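All remarks here apply to the structure that follows.
It should be emphasised that the depicted structure is a prediction, and the values quoted were computed from it without experimental measurement.
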Amino acid sequence: MENVPLLMFLVLFIALAMGIPIAFALTLVALVFGWSLWGVGGMKLLVTAAWGTMNNFALLAVPLFIFMALILQKSRVVEDIYDSFYKWSGPLRGGLAVATILVGAILGAVSGVVAAGVIGLGLIGLPQMLKYGYDQRISLGSVMAGGTLGQLIPPSTNMVIYGAVTGVSVGSLFAGGLTCGTFLALLYCGYILTCSLFNPKVCPALPLEDRVDFRGKIRALRKVFLPSLLILLVLGSVLSGAATPTEAAAVGAVGALFFSAVTRRLNWGIIGSASLETLEISSMVGWIVIAASAFGAVFSGTGGNRLVTEIAMSLPGGPWMVFLASVIFVFFLGMFLEPTAMIMLATPIVSPILSKLGFDPLWWGLVFMVLLQVAYLSPPFGFSLFYMRGAAPDHIGIEEIYMSSLPFIGLQFLSLVFLVFFPSIALWLPRLLLS
């Protein structure tokens, strides 16, 4: 029985290597081991675990945030926001790449869905940067890094799932994610501007004939007003305590419909396609959550959590060595697993150990969210890499996309170092709101 938990992970990775989708792989492993170990009782354990996880009111926010993101994406809000930032920052060397990062941050605050950010910026921002002679790798990297900020900057569906699994306040995660995401966006912008400073050819400024006057810039800001109002409604209601994340998600969904109607871009076709895609994405997330809950129940029942705790406590170097091992473990999972599956698998194993060792559960939750950022960009199976491949021109290969992600992965790890030495980056806003 002692080696069963390790065998479960081995069989899981073999199933994934065979191309079995993550939800089916998790369910298959849970069923096989649950039945072989406990028979009918094992099947009851799987059902109970799945029901206990899905019967969580906070998870209702997931489809609502996804619906909000899809309505905004189909209403061309990405084009509007990018056009505004493009006109203001274009004359600056590296300005288009900086605009891409900032628009990605705003899209994260509007929708919280990574696919919408990466694909939207890839279709709109990438052609502009390549048109004006930007370095291809910086262009690709800024689109992926900026679009992935939606995972960290609230409202984030992954934060909702993490909070539902661990019991950490989703509102506090949102507040900390806002500061962490802003800090990471500033790191990205600093890197781009530094590259532009030392090598102007990497990210040239817009030519004079393509710049707009001050009046044109002011007019462009009007396109940002309604998205900014939606951000204030959704985040403001959560951070002020006026609404739960689920209630705020409902406000956001209604607000997105209203925004699209005011701009005269809403029709039944958009509503129908957004509803269908919401059902598809939410179903995928739901099945992953159910499958991972079943896998986790069997893993825990075979003594897996106890085994991991014993291994962690026996590591030399004390709590910080356990923390480092946890980061490496989550990073390794992120190279192969979908982020929702990472949360459901790693969190029940790692988070209780770190909490027992004295680490702040909220702080670790935000570190975990940054590691999910890394997972989205990490070869070979980072989701943003494949979103980018779908949005990029045909002549750009996956190898070039892999290489363009590496500097931004380095910046993400640099942000982790800052969070370790300066935890107040993540915690000052949640503490301020609680006080």
Look at the side chain of [X] and the backbone N and O of [Y], then say whether any donor-acceptor pair between them is shorter than 3.5 Å.
X      : Y      : value
Ser75  : Ile71  : yes
Ser273 : Ile270 : yes
Ser156 : Ile153 : no
Ser142 : Ser139 : yes
Gln151 : Thr148 : no
Tyr134 : Leu96  : yes
Thr27  : Ala23  : yes

>> For a side-chain contact (heavy atoms from CB on, under 4.5 Å) check, start with the C-alpha distance between Val11 and Leu7, then their side-chain angles and the critical distance, and finish with the verdict.
In response: CA-CA 6 Å; Val11 174; Leu7 184 60; 4.3 Å; yes
Side chains of [X] and [Y] in contact at under 4.5 Å (non-hydrogen atoms):
X      : Y      : value
Leu371 : Met342 : no
Leu140 : Met403 : no
Leu12  : Leu345 : yes
Pro339 : Ile343 : no
Val170 : Phe174 : yes
Leu419 : Leu366 : no
Ile161 : Met344 : yes
Ile138 : Cys195 : yes

> Please walk me through it: do Phe299 and Phe9 pass ring pair (Phe, Tyr, Trp, His ring centres under 6.0 Å)?
Replying inline: CA-CA 9 Å; Phe299 182 82; Phe9 267 101; 5.4 Å; yes
Over all heavy atoms of both residues, which pair between [X] and [Y] is shortest? Give the atoms and the distance, please.
X      : Y      : result
Ile409 : Leu377 : CD1-O, 3.4 Å
Ala248 : Val234 : CB-O, 3.7 Å
Ile288 : Leu26  : O-CD1, 4.4 Å
Leu121 : Gly104 : CD1-CA, 3.9 Å
Pro393 : Leu126 : CD-CD2, 3.9 Å
Phe386 : Gly382 : CD1-O, 3.3 Å

>> The test is side-chain contact (heavy atoms from CB on, under 4.5 Å); show your working for Asn158 and Phe368 and say whether it passes.
In response: CA-CA 10 Å; Asn158 285 328; Phe368 194 99; over 6 Å; no
> Hey, what's the ring geometry for Trp363 with Phe359, parallel, tilted or perpendicular (30° and 60° as the breaks)?
Replying inline: parallel
> side-chain contact (heavy atoms from CB on, under 4.5 Å) between Leu235 and Leu178: does it pass, once the steps are laid out?
Replying inline: CA-CA 9 Å; Leu235 287 187; Leu178 187 60; 4.2 Å; yes
Inter-residue atom distance [X].[atom1] - [Y].[atom2], 0.5 Å rounding:
X      : Y      : atom1 : atom2 : result
Phe65  : Leu70  : CZ    : CG    : 13.5 Å
Ile106 : Ile101 : CD1   : CD1   : 12.5 Å
Glu399 : Ser404 : CD    : OG    : 11.5 Å

> Does any pair with a residue in residues 277-293 pass side-chain hydrogen bond (donor to acceptor under 3.5 Å, both in side chains), and if so which ones, sequence neighbours excluded?
Replying inline: Thr53-Ser293, Lys74-Glu277
> Quick one: side-chain hydrogen bond (donor to acceptor under 3.5 Å, both in side chains) pairs with a partner in residues 410-422, sequence neighbours left out?
Replying inline: Tyr188-Gln412
> Do the two ring centres, one from Phe183 and one from Phe422, sit under 6.0 Å apart?
Replying inline: no
> Can you list the steps and then say if Phe33 with Thr302 is a side-chain contact (heavy atoms from CB on, under 4.5 Å)?
Replying inline: CA-CA 9 Å; Phe33 280 85; Thr302 58; over 6 Å; no
> Do other residues, nucleotides or ligands put more than 12 heavy atoms under 6.0 Å from Phe258 CZ?
Replying inline: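 Atom CZ in Phe258 is not crowded, with 12 or fewer foreign heavy atoms closer than 6.0 Å.
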> Just wondering, more than 12 heavy atoms not from Trp320 lying within 6.0 Å of its CH2?
Replying inline: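 More than 12 within 6.0 Å, yes.
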> Would Trp364 and Ser355 count as having a side-chain donor-acceptor pair, cut-off 3.5 Å?
Replying inline: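 The answer is no; no qualifying pair exists.
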